[in-house]
There are 2 protein chains.
Amino acid sequence: MTLRESIIQKLEDNGFRITGSRVKLVDSLIKHEEGFTAEELVTEVREAGRATVYRTIRLLVDQGVLCKLAMDSGAPRYTVSGMAHHHHIICVHCGSVREFRQTVIERALKSMEDDDGDTVVGHRIEVFVLCAACRAAGAKVDSIRAEHQHS
Amino acid sequence: MTLRESIIQKLEDNGFRITGSRVKLVDSLIKHEEGFTAEELVTEVREAGRATVYRTIRLLVDQGVLCKLAMDSGAPRYTVSGMAHHHHIICVHCGSVREFRQTVIERALKSMEDDDGDTVVGHRIEVFVLCAACRAAGAKVDSIRAEHQHS
DNA sequence: TGTCATTTGATACTCAGTTTCATCAATTGA
DNA sequence: TCAATTGATGAAACTGAGTATCAAATGACA
Ligand SMILES: [Zn+2]
Ligand SMILES: [Zn+2]
Ligand SMILES: [Zn+2]
Ligand SMILES: [Zn+2]
């Protein structure tokens, strides 16, 4: 079963209608290996209206098909979710996104439970990089570092 | 030197003018142990205009005085930065923020450098909790868990 | 094919944040 | 001490992202 099919399947299985707009949107977003913004889809998928694009993205996030990535500034990016639990490596120059998961980190975060009276409900990790492609294309690290220190 | 003094000092040292608006804003934001939104400051500090509040917050983020926390939805929250490098524990119910830092995690993230051709420029970790106070006040974990899985 | 709840989309709206620019105020230095 | 200079302010208008409305369209299923 292809990615496209599995996404459509999941919507069907959960009682959502398979409409022309939704199929067009799925077709478009699975092409974005490196993630996309809502407005990019609005522009690309002319068959679907603005409201429908936003509604469909939200639906797919709810269904676990898409990851929503809140950027430091600007609109969030979305990526098709691969691994069940994972985090993101984001290029600060081109915005491309890859997934990762480190058992050591997961364990360390898990052990934070019960350190105090709080109940941990989730966590999020983002690693910001200048990807190989952007560096090869001449993007410099230093100009970027300042605004992405995340210290 | 108090927190208030050290913030004002830093602005002075970096060549920014110590104006009435800035002092009023600093006075207000240091009172928010648990973080605040830009609009909260706009409401609270009537002596400063909307634009000035946003400009001042941005200035303080640039100076490392404030942390900007992009929420999953809604406006970002800001907190006064304590430790030099740290991450955040955020209550999904009341929005209160605490800092943490785990050497194990820092090391693991550091070791990701050079795994591939990317250059790591920073990282961000957020741990979402239902804080003890909210739980005591009757907030339930289950209703929250779904929308904050961050998987 | 008919039924009908779901979905759609044009439009208007909200909300967060930025730009503009005339005015104001902190610093400089004569 | 008092311009001159430059940085800072703020009302108001604007932008961009996303949401609400609601009549019309359309999938799903019998
Ligand atoms: Zn993801
Ligand atoms: Zn994790
Ligand atoms: Zn912080
Ligand atoms: Zn760290």
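Just so it is clear: chains get the letters A, B, ... in the order the sequence lines come, proteins before strands, and each one is counted from 1.
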The test is side chain to side chain donor-acceptor pair (under 3.5 Å); show your working for B/His123 and B/Glu106 and say whether it passes. CA-CA 9 Å; B/His123 63 253; B/Glu106 296 301 322; 3.1 Å; yes
Kindly compute the distance separating CZ (B/Phe100) from CD1 (B/Ile105), expressed to the nearest 0.5 Å. 5.0 Å
Would you classify A/Arg58 as touching base, sugar-phosphate or nothing, given that sugar-phosphate means primed atoms plus P, OP1 and OP2, and contacts are heavy atoms under 4.0 Å? sugar-phosphate
Within the supplied structure, the quantity of interest is the number of heavy atoms (other residues, nucleotides, ligands) at a distance under 6.0 Å from B/Gln9 CD; does it exceed 12? yes
Taking the side chain as every heavy atom from C-beta outward, state whether A/Phe128 and B/Val120 have any pair of such atoms under 4.5 Å apart. no
Regarding B/Gln102 and B/His86, do their side chains bring together a donor and an acceptor under 3.5 Å, going by distance alone? no
Please examine the side chains of B/Arg22 and B/Thr19, heavy atoms only from C-beta on, and report whether any two atoms are closer than 4.5 Å. yes
Its 5'-most and 3'-most nucleotides having an atom under 4.0 Å from a non-hydrogen atom of chain B, DNA chain D is contacted over D/dT6 to D/dA11
Could B/Lys68 and A/Asp72 be called an ion pair, given the rule that one side-chain N must be under 4.0 Å from one carboxylate O? no
Sugar-phosphate atoms are those with a prime plus P, OP1 and OP2; base atoms are the rest. Using that split, label each nucleotide of nucleotides 4-16 of chain C B, S or - for protein heavy atoms under 4.0 Å, 5' to 3'. -BBSBBB-----S
Rounded (10°) bend between the five-pair end axes of the helix from C/dT1-D/dA30 to C/dA30-D/dT1: 30°
Closest non-hydrogen atom pair between A/Glu99 and A/Val80, with its separation: OE2-O, 3.5 Å
Electrostatic pair A/Asp118-B/Arg135, nearest N-O below 4.0 angstrom: no
For a 4.5 angstrom cut-off between non-hydrogen side-chain atoms, does A/Val127 reach A/His88? no
